Amino acid sequence: MNFLIIISLLVEVVVLFYLEHKAWNTVFTPLSFLMLPYVAVLLVSIAISRLDYFVDFYYPSILVWNVGLLLFAIPDYAIAEFATKKGYPLKKIQIDDEPVPVIFVLIGIALALLFAYRLYSIMNSSQYMIGSDEFAEEFAGHGFWGHLKRFCSVMLMIYIYYLDKNHRWLWFIIIILLVVNVINMVKGTMIIPCVTGVMLRLASGKMKITAKFLSLVVLSSVAVFFVTFLLAIVVVNDMAVNDKVIEWIFQRFVHYLTSGTLGLSVDMQLGFPDRGPIDVIWTPFLNIINQITGSGEILSPVNPVFHFTGISLTNVRTVFGTLLIYTNYLQYALYILGLSSLCYILKILSIHFHNLFINTVFYYFCALLSMGWFEFYFFHLDIIEIPAMILLLHILYLLFPNKPDKTVKV
């Protein structure tokens, strides 16, 4: 039975991927970004669960994804079919390629100076060491600096897109913004903007998928994890780097990689003891309403129930697992259908307008989906604030267009 479950998922993914490519003439689609990373992480999770110190994998948890992917595909193919019948060309997304706007360069310089000042100020006043969660919270965990950190993530997406041989100097700003995210110590805020920027480059033809590209993606992902943990161990705990430290970090990397799939596995085997109200799914919207009206408390989407998977504890359940925890079956289906519809409407808009900013919003949502093997990211304020910030950038772009004599090139 376990064998049949995993085979059913693999067959489903192959069929959906084939139909997806046939419908949209590209692999750069929300469904592809959602299911392919999950399959890769799932196979790793199943492999390591056979080791003595990991929990056994509960194969029926895969069925949550079988159903979720099928539901996600319904609006996908319906929208593609409708667009085809209306004569709408479904071709590979092209983004109008223009020089880096001067206003964006000035924004990058301002962000670098602001966070340099912030880091200097916190290092002089904080009782905590850089690399600790407490320092990260003081640095940019809330308030004005927390919102500005999100804006750094948006600019990081844009700068990665514009990076080329004529704009190598953008590396200076990119590295500073990456450092801001590293200090924040939240891996998702480091990975998702970079994934969005790389998706934009792939969609625009600035980069191609090659063996070298895939190797760099894997190595970069591992590097992000190792850098954050080395910072915490070497600086905060004042420990020397040795074989045991590297082994400890590698174990945590494996735990992080499999925490969503194994977390869902354990949670389902225990009968979902962390079930909660659907309000959690709508956390960012409800919190905004509560702030405006002054009624109700601020909700937290963080799951309070942790499960031990073999190395450490986890409270993440993958995108479909978390969604199922806080919904009934009807709500589960309706939310997935709605999310898929939103993503594919954004895709249609990105194809039609060839606009960098619409494409950035679209690929940001694709990046969130590509992390679906880990957690449900759509109950964070970022899904509202980041698209709003991208819209603000578009307005600035229209207000301060490039002029031929002011185009920034090196």
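Quantities reported herein were computed from a predicted structural model and do not represent experimental measurements.
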Query raised in the report: Would a line drawn from the ring center of Y335 to the ring center of F376 be shorter than 6.0 Å?
Result: yes

Query - Short side-chain to backbone donor-acceptor contact, S265 and T261, under 3.5 Å - result: no

Requested in this report: Please confirm whether the backbone N or O of S370 pairs with a side-chain atom of W373, one donor and one acceptor, at under 3.5 Å?
Outcome: yes

Query - ring pair (Phe, Tyr, Trp, His ring centres under 6.0 Å) partners of W171, counting only residues at least two apart - result: none

Requested in this report: Kindly write out the residues that satisfy ring pair (Phe, Tyr, Trp, His ring centres under 6.0 Å) with Y38, not counting sequence neighbours, or none if the list is empty.
Outcome: W65

Query raised in the report: Judged by atom type as modelled, is there a donor-acceptor pair below 3.5 Å linking the side chain of S220 to the main-chain atoms of L216?
Result: yes

Query raised in the report: Under the 3.5 angstrom rule, does the side chain of S341 hit a backbone N or O of L337 as a donor-acceptor pair?
Result: yes

Query raised in the report: Do the side chain of H255 and the main chain of L313 share a donor and acceptor less than 3.5 angstrom apart?
Result: yes

Query raised in the report: Crowded around Q331 CD? As in, over 12 foreign heavy atoms under 6.0 Å?
Result: yes

Requested in this report: Kindly say whether R118 contributes a backbone atom to a donor-acceptor pair with the side chain of S121 at under 3.5 angstrom?
Outcome: no

Query - Charged N-O contact under 4.0 Å between R50 and D56 - result: no

Quiz: residues 76-83 side-chain donor-acceptor pairs under 3.5 angstrom, not counting sequence neighbours:
| residue | atom | partner | partner atom | Å |
| --- | --- | --- | --- | --- |
| D76 | OD1 | W24 | NE1 | 2.7 |
| D76 | OD2 | Y344 | OH | 3.1 |
| Y77 | OH | L16 | O | 2.9 |

Query raised in the report: Should we count CG of D243 as having more than 12 external heavy atoms under 6.0 Å?
Result: no

Report task. Could I get the full list of ring pair (Phe, Tyr, Trp, His ring centres under 6.0 Å) partners for F357, not counting sequence neighbours? Result -> H394, Y397

Query raised in the report: Is a side-chain N or O of N359 found less than 3.5 angstrom from the main chain of N355, in a donor-acceptor match?
Result: yes

Query - Any donor-acceptor pair under 3.5 Å from R201 side chain to I160 backbone - result: yes

Query raised in the report: Are any of the side-chain heavy atoms of Y162 and L356 separated by less than 4.5 Å?
Result: yes

Requested in this report: For ring pair (Phe, Tyr, Trp, His ring centres under 6.0 Å), just list the numbers for Y256 and F374, CA-CA rounded to whole Å, side-chain angles, deciding distance to a tenth of an Å, and then say yes or no.
Outcome: CA-CA 8 Å; Y256 181 85; F374 182 71; 4.6 Å; yes

Report summary line: In F72, F365, Y363, the residue satisfying side-chain contact (heavy atoms from CB on, under 4.5 Å) with P30 is F72

Query raised in the report: Can you pull the ring pair (Phe, Tyr, Trp, His ring centres under 6.0 Å) pairs that have at least one residue in residues 120-141, sequence neighbours excluded?
Result: F115-F139

Query raised in the report: Is there a donor-acceptor contact under 3.5 Å from the side chain of N315 to the main chain of N303?
Result: yes

Query raised in the report: With a cut-off of 6.0 Å (strictly less than), are more than 12 heavy atoms of other residues, nucleotides or ligands near CZ of F308?
Result: yes

Query raised in the report: Between N290 (side chain) and E297 (backbone), is there a donor-acceptor pair under 3.5 Å?
Result: yes

Report task. Please list, chain by chain and in numerical order, all residues satisfying ring pair (Phe, Tyr, Trp, His ring centres under 6.0 Å) with F57, sequence neighbours excluded. Result -> Y59

Query raised in the report: Is there side-chain contact between N287 and L381, with at least one heavy-atom pair below 4.5 Å?
Result: no

